[in-house]
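In what follows, a structure is listed as C-alpha cells, so that the remarks can point back to it.
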Amino acid sequence: EARNTKKNKGILGTAKRAISQALSNIGIIDEAKAQILSWDVETLLMTGNCRGCRLFRANLAGADLTGVNLEEANLFSSTLTEAKLINANLTGAKLGNADMTRADLTEANLTSASLQTTNLTEANLTFSTLTRADMTASRLLGANLTGANLNTARLLRANLIEATLTR
C-alpha cells in the first residue's frame, strides 16, 4: 500500500507515519515526533534530499547544506545560523520564525517560501530567487540581496535597514 504519490512519499514515509501513529496511540507522541525529526535530519544530511521533511525546531546551525533539496519542508522555528544553503532548493518551504542569521543562501531558490518573522540578519541572499516569497515582518538587517529576484515577494513590515538591494 505504500504507493509513491505526492501525499504518500513511499515506503519510508508510510513507515514514519505508522510508527508516529502507534506511539501517539500509547501516549508517546513527543518521543515519536523527536524520532521523526531525527530521521528527517539524518535523511537530509546523508542524501541532501529531504523534500517535504518535518524539521520543525531543528538545529542546523553552521551546517553545510549546499545544493540540498528542501522543497516544501517544514523548518518552522529552526536554527540555521551561519548555515550554508548555497544553491539549495527551498521552494515552498516553511521557514517562519527561523533564525537564519548570517546564513549563506547564494543562488538559493525560495520561490513561494514562507519566511514570516524570520531572522535573516546579515544573510547572503545574492542572486537568490524569492518570487512570491512571504517575508512579512522578517528581519533583513544588513542582508545582501544583490541580484535577488523579489518579483511579487511580500515584504510587508520587513526590516531592511542597511540591506543591500542592488540589481
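The figures that follow rest on heavy atoms only: side chains count, while hydrogens, waters and symmetry mates do not.
Leu150 contributes atom CG, which lies 9.5 Å from atom OG1 of Thr129 (distance to the nearest 0.5 angstrom). The distance from atom CG of Leu140 to atom OG1 of Thr118, rounded to the nearest 0.5 Å, is 9.0 Å. Of the inter-residue distances, the one linking Leu95 atom CG with Ser114 atom OG reads 7.5 Å to the nearest 0.5 angstrom. In this structure, CG in Asn59 is found 5.0 Å from OG1 in Thr79, a value given to the nearest 0.5 Å. Going from atom OG of Ser128 over to atom CG of Asn87 covers 11.0 Å, rounded to the nearest 0.5 Å. Note that the NZ atom of Lys84 and the CG atom of Asp104 stand 7.5 Å from one another [nearest 0.5 Å].
Considering every non-hydrogen atom in both Arg139 and Thr117, the closest pair reads NH1-O, 4.0 Å. The shortest non-hydrogen separation linking Leu145 to Ala163 is CD1-CB, 4.4 Å. Here the closest non-hydrogen pair linking Lys94 and Glu72 is NZ-O, 4.5 Å. The two residues Ala148 and Leu130 have their closest heavy-atom pair at CB-CD1, 4.4 Å. Across all their heavy atoms, Leu115 and Met100 have their closest contact at CD2-SD, 4.5 Å. Here the shortest heavy-atom pairing between Met135 and Ala158 reads O-CB, 3.8 Å.
At least one side-chain heavy atom of Arg157 sits less than 4.5 Å from a side-chain heavy atom of Thr136.
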- Determine, step by step, whether Leu141 and Glu162 satisfy the side chain to side chain contact (heavy atoms under 4.5 Å, CB included) criterion, reporting the C-alpha distance in whole Å, the side-chain angles of both residues, the deciding distance to 0.1 Å, and the verdict. CA-CA 6 Å; Leu141 291 95; Glu162 296 186 16; over 6 Å; no
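A donor-acceptor pair is defined here as one N or O able to donate and one able to accept, closer than 3.5 Å; such a pair exists between the side chain of Ser78 and the backbone of Ala58.
No hydrogens or angles considered: nothing links the side chains of Thr47 and Asn49 as a donor-acceptor pair under 3.5 Å. Under the 3.5 Å distance criterion, with hydrogens and angles disregarded, no donor-acceptor pair is assigned to the side chains of Asp99 and Thr81. A donor atom on one side chain and an acceptor atom on the other are found under 3.5 Å apart for Thr106 and Asn124. Using modelled atom types, one finds no donor on one side chain facing an acceptor on the other under 3.5 Å when comparing Arg57 with Ser77.
Remark: of the listed residues Asn109, Leu125, Thr131, Thr131 is the sole one forming a side chain to side chain contact (heavy atoms under 4.5 Å, CB included) with Asn149.
The hydrophobic cluster containing Leu155 does not contain Phe127, counting ILVMFWY residues as joined when their side-chain heavy atoms lie under 4.5 angstrom apart, directly or transitively. By the rule that hydrophobic residues join a cluster once side-chain heavy atoms approach within less than 4.5 Å of another member, Leu110 and Leu60 end up as members of one cluster.
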